[in-house]
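The model shown is predicted, which means the values in this text are computed figures rather than measured ones.
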Amino acid sequence: MSWLPLTFGFPAILWGLLALPVIWWLLRLTPPKPQTEVFPPLRILARVLRKEETPHQSPWWLTLLRLLMAALIVLALADPIWNPRERLPTGGTALALVVDNGWASAPGWDQRVATAARLISDANATGSPVVLAFTAERPNAEIGPFDAAAAMEVLNVAQPRPVPVDRQAVYARVAAALEQLPGASVAVLADGLAAPGDEAAFAQLLGRDPANVLWAVPDRLDMVGLTATENAAAGFTLSAIRAPSDIAPRQVTAGAFDDRGRRIADALISFGAGQTSGTGEMTVPFELRNDFASVAIDGERQAASVRVLDESSRRRRVGLLSQAEADQAQPLLSPLYYITRALQPFADLVEPTSQDLAEAIPQILEQNPAMIVMADVGTIPDAAREQLVKWVQDGGTLVRFAGSRLAAAGNDEELLPVRLRLGERSLGGALSWTEPQPVSDFPANGPFADLAPPAEVTVTRQVLAEPTSDIVERTWANLADGTPLVTGATRGQGTVVLFHVTPEATWSNLPISGSFVEMLRRIVQLSRNQGAATTGADGQPASLPPYRMIAADGQLVPPSPDARPLAAGSTVVNLENPPGLYGTEEGVVAHNLLPADAAFAPLVRPTVTAPVTEVRYAFDESRDLKGPLVAAALALMVLDTLAVFWMGGLFSRRSRMLRRGSGAAAALFLAAGLVLVPDISRAQDMKPGDDTAMAAISTTRLAYVITGDSSIDAISRAGLTGLSRFLIEKTALEPGDPAGVDIATDELAFYPLIYWPVDANSAMPSQEAIARIDAYMQAGGTVLFDTRDQYATGIDAGSASPATQRLRDILSNLNVPPLEPVPEDHVLTKSFFILPEFPGRFNGSPLWVEASLEAQNLDNRPVRTGDGVTPIMITANDFAGAWAVDAQGNPMLPTVPADPMQRVYALRSGVNIMMYMLTGNYKSDQVHVPVLLERLGQ
């Protein structure tokens with residue numbers, strides 16, 4: 001039964017509303033109980049002239065109140081539902097529910113889950129089993145059949161994956177399961193994008209005559225994906241695609257982020273009317289473009305809108321040197337002409353203003369180039385040579401081309417990869433017995449191994465390398481007669497490369513071939529430290545471990561347990577190799593979701609003979625009104641009770657009944673009054689500052705000493721805020737906001753732990769303040785001193801940092817007990833987490849606590865026995881710096897060294913300290929429980 005957006009589960013109960021007139025008649029004829037008065041003779045005499053009045057029927061407002069209460073109860077029993085949803089046709093022997101959970105389903109995943117939950121609920125109403133499968137899961141994932149409860153559990157733990165869907169494999173498994181369930185209903189909850197093999201997949205799934213088909217796709221495909229990025233000469237260009245159904249003109253904004261997640265550039269990508277591809281450009285300086293670590297489209301919460309970048313996306317600066325002056329009349333004969341044309345599309349080229357090598361080389365080195373190309377440079381001046389050698393040793397790549405000057409200059413072992421023979425070798429001349437030599441296959445151990453040898457290239461002159469035992473390992477390209485054409489060798493952290501021909505087309509036609517451009521590009525890529533990420537120790541391609549992954553919502557997250565190493569050169573995106581960065585901190589390779597030629601095609605609904613019902617992705621907006629109606633009826637019942645009490649004179653006699661103690665209802669109202677009505681007299685008696693004290697003792701709060709330095713105090717507050725959030729997440733403790741205290745004036749007894757960052761530049765506390773700290777420690781509080789200087793020799797060392805010296809000055813005025821580094825069997829190491837050490841932002845200082853002089857550790861127990869809590873703790877590891885988070889919960893300061901787990905251990909150290917402070921030796925007793933139970937024979 002449905003009335004507009006309201007329906008009733010049991011509409012027959014609504015006939016009870018016909019009883020309301022009868023109830024009204026009965027209520028009107030039943031007056032309320034007359035008011036009772038204790039016999040007072042004088043009061044009767046005072047009212048003797050008044051006319052006695054006794055109501056003969058209930059007041060109209062009380063009757064209306066009771067009728068409304070009765071109507072609400074009848075409506076509640078009829079099981080009303082507001083905005084009811086239509087039950088979907090999930091009949092048949094079973095329900096086969098296939099859900100796309102690839103990257104395209106991430107933006108509307110909650111709606112897909114809600115829609116699938118409705119289908120499972122409807123199947124439960126008919127008692128049908130459910131086959132539930134997801135198209136972006138492993139092939140061995142369990143698909144049922146399930147009962148409704150088990151299917152809901154599987155649905156609730158499912159998540160979108162940042163990979164394409166595999167409908168063909170999953171639909172085949174579902175079709176095999178339906179062979180045992182003929183006549184089942186099939187529900188397809190798709191993401192709306194076509195995938196390879198869709199036609200065969202749907203033919204297999206829907207080819208067994210299902211009872212009916214439920215088809216659900218998004219209302220519109222409005223996702224935008226990034227397909228390519230290029231660090232061009234003028235700027236950083238982006239390429240994006242959208243679905244063909246999105247035909248209106250559109251503009252989206254993309255942002256570039258560095259490796260710390262900071263936004264450093266923006267670009268506007270425009271799509272014209274009916275266009276499915278668009279481009280944008282970030283015109284930012286060269287140095288800033290090289291800091292790009294990822295690019296993401298604003299407002300898109302899916303993996304295709306994010307593109308991670310590696311070293312290959314970073315544009316490098318290349319210096320060019322030549323001793324020959326350019327001939328403006330014949331530019332093709334310039335030594336640098338072909339090199340410039342080959343490198344300009346993917347590198348920023350710089351040239352010196354002077355032809356003198358003594359001035360030119362320092363000028364080039366001042367530009368911090370990644371690679372330097374020398375075209376037929378002979379003898380290098382000593383001063384410039386030393387700088388050039390140091391640059392190569394520090395990681396630079398030096399590429400040299402042969403020529404008459406180099407052939408006559410002699411050998412330079414530090415700036416040449418091989419020893420050279422003096423002079424030149426002529427091939428195919430009038431006085432030569434040899435013919436011009438072509439290029440043979442590139443050696444497998446060089447960077448050109450996967451390039452095809454240029455068949456059109458021949459060499460007529462070259463400089464020869466002396467044959468040595470390692471000449472084969474240093475050869476990157478050979479001529480057909482086996483003589484080296486290109487050689488290379490490492491020098492320290494850098495690389496030296498030699499082309500044994502000139503850079504212009506005089507000794508060979510290599511500079512005018514397409515292979516010349518690709519060979520220079522490969523060498524530029526080597527200058528970007530690609531070898532550390534893509535090759536193993538033996539020089540062969542290596543599998544790269546997962547480093548940072550792109551989640552389904554486009555966030556960069558740590559790799560999941562399912563991620564596997566990426567084979568060198570692999571471009572396949574699947575569950576084992578999701579999109580993201582692969583490698584280590586020394587070098588990574590970007591593995592992105594969309595290839596450069598990707599396109600979004602809408603999914604076409606297959607043609608089937610079974611009835612098809614289209615379903616919209618939506619949340620269940622139906623609301624059960626039974627609970628609110630019952631609550632409203634109860635509220636009216638309370639009002640009716642109060643009205644009857646008032647009409648019976650109960651409230652007029654409340655004070656007398658309270659004195660005599662004979663009114664239970666009055667006592668109940670009095671108790672409610674005590675709770676709800678504020679105590680005015682006590683509020684007036686509160687002194688200034690008592691509200692701060694009440695707030696401090698109402699919840700556990702961490703405190704820090706205000707040093708007067710705004711930067712130190714801000715880090716202390718942010719650090720204790722981060723520790724408080726971690727405590728709330730990991731423990732049952734829910735501390736309040738941290739409090740900054742002035743040890744000279746504020747009350748310290750409210751706080752179990754006070755964090756004191758020791759600063760040598762802050763003023764020395766007064767003797768009165770030191771005495772307050774001493775009294776606080778004697779009364780059971782603990783002060784955690786942090787010098788933040790990572791002293792490694794201990795607080796008793798002869799030499800000390802300024803902060804440590806200031807700490808000694810403070811401690812000299814306190815009653816400090818004997819101290820010791822936390823022993824390995826101290827309760828602090830096991831109060832919550834098992835911790836062998838207590839790092840902060842640094843990890844080199846021990847945590848000093850009161851020495852357990854009388855504690856014992858008999859029978860090799862997990863912790864030593866001892867009472868009390870240390871009143872003082874000292875560290876230099878900068879706990880607050882490791883705990884500090886900003887408003888979004890991101891870490892504010894890096895750890896030293898930059899190890900993500902060090903911050904986790906620092907937070908766990910804070911948890912152990914708080915558990916130890918709040919529980920004392922109770923945690924020690926808890927650790928000994930297994931030993932005690934063993935002794936009791938349990």
Side-chain angles (χ1 to χ4, degrees), residues 88-105 112-113 115-124 126-161 163-217 562 572-576 603-615:
L88 298 173
T90 57
T93 58
L95 171 65
L97 180 60
V98 286
V99 184
D100 283 348
N101 66 325
W103 64 267
S105 64
R112 285 167 171 76
V113 171
T115 305
R118 293 200 303 271
L119 292 171
I120 295 174
S121 177
D122 293 344
N124 183 43
T126 59
S128 302
V130 179
V131 176
L132 179 58
F134 298 91
T135 57
E137 295 294 337
R138 291 187 172 277
N140 59 350
E142 180 64 32
I143 63 173
F146 306 104
D147 58 23
M152 285 301 300
E153 292 179 1
V154 175
L155 178 65
N156 291 333
V157 300
Q159 294 293 334
R161 304 284 191 173
V163 298
V165 297
D166 186 5
R167 296 194 182 102
Q168 197 163 6
V170 175
Y171 286 7
R173 295 191 61 206
V174 175
L178 292 182
E179 291 180 357
Q180 309 300 324
L181 300 169
S185 298
V186 177
V188 178
L189 276 58
D191 56 21
L193 289 180
D198 278 349
E199 185 176 353
F202 283 114
Q204 196 166 15
L205 176 66
L206 305 176
R208 296 184 177 277
D209 297 329
N212 49 67
V213 176
L214 289 88
W215 179 263
V217 293
D562 296 335
V572 178
V573 177
N574 51 32
L575 286 174
E576 293 187 348
L603 180 64
V604 179
R605 192 178 78 183
T607 302
V608 294
T609 58
V612 179
T613 302
E614 292 190 358
V615 180

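Minimum interatomic distance between Val213 and Ala610 (heavy atoms only, all atoms of both residues): CG2-CB, 4.3 Å. Residues Gln168 and Ala200 share a closest heavy-atom pair of NE2-CB, 3.8 Å. When all heavy atoms of Ala187 and Leu95 are compared, the pair lying nearest together is CB-CD1, 4.1 Å. The minimum heavy-atom distance between Arg161 and Leu575, with the atom names listed, is CD-CD2, 3.9 Å. Heavy atoms only, all atoms of each residue included: Gly183 and Ala211 are closest at O-CB, 3.4 Å. Between Asn101 and Gln159, the closest heavy-atom pair is ND2-O, 3.2 Å.
Within the structure, side-chain hydrogen bond (donor to acceptor under 3.5 Å, both in side chains) pairs that include any residue of residues 191-204 comprise Arg167-Asp191, Arg167-Asp198 (at least two apart or interchain).
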Report all side-chain donor-acceptor pairs from residues 140-158 shorter than 3.5 Å, counting only partners two or more places apart or in another chain.
| unit_1 | atom_1 | unit_2 | atom_2 | d |
| --- | --- | --- | --- | --- |
| Glu142 | OE2 | Gly144 | N | 3.3 |
| Asp147 | OD1 | Ala149 | N | 3.4 |
| Asp147 | OD1 | Ala150 | N | 2.8 |
| Asn156 | ND2 | Met152 | O | 3.0 |

Check your understanding: Would Val612 and Asn212 satisfy side chain to side chain contact (heavy atoms under 4.5 Å, CB included), going step by step from the backbone distance to the final call?
Key -> CA-CA 6 Å; Val612 179; Asn212 49 67; over 6 Å; no
Exercise for review: Evaluate side chain to side chain contact (heavy atoms under 4.5 Å, CB included) for Val188 paired with Leu214, printing each intermediate quantity in order.
Suggested key: CA-CA 6 Å; Val188 178; Leu214 289 88; over 6 Å; no
Practice item. Before giving the answer on side chain to side chain contact (heavy atoms under 4.5 Å, CB included), spell out for Leu189 and Val98 the whole-Å C-alpha distance, their side-chain angles and the decisive distance to 0.1 Å. Key: CA-CA 6 Å; Leu189 276 58; Val98 286; over 6 Å; no
Exercise for review: Take Val217 and Glu614 through the side chain to side chain contact (heavy atoms under 4.5 Å, CB included) test and state the conclusion after the steps.
Suggested key: CA-CA 8 Å; Val217 293; Glu614 292 190 358; over 6 Å; no
Exercise for review: List the steps and the verdict of side chain to side chain donor-acceptor pair (under 3.5 Å) for Thr135 and Asp166.
Suggested key: CA-CA 5 Å; Thr135 57; Asp166 186 5; over 6 Å; no
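Taken to the nearest 0.5 Å, the OG atom of Ser185 stands 11.0 Å off from the CG atom of Asp122. Here the straight-line distance linking atom CG of Leu119 with atom CG of Leu132 works out to 10.5 Å at 0.5 Å rounding.
When each of Val186, Val608, Leu603 is tested with Phe202 by the rule side-chain contact (heavy atoms from CB on, under 4.5 Å), just one qualifies, namely Leu603.
Taking the side chain as every heavy atom from C-beta outward, Ile120 and Leu97 approach each other to under 4.5 Å.
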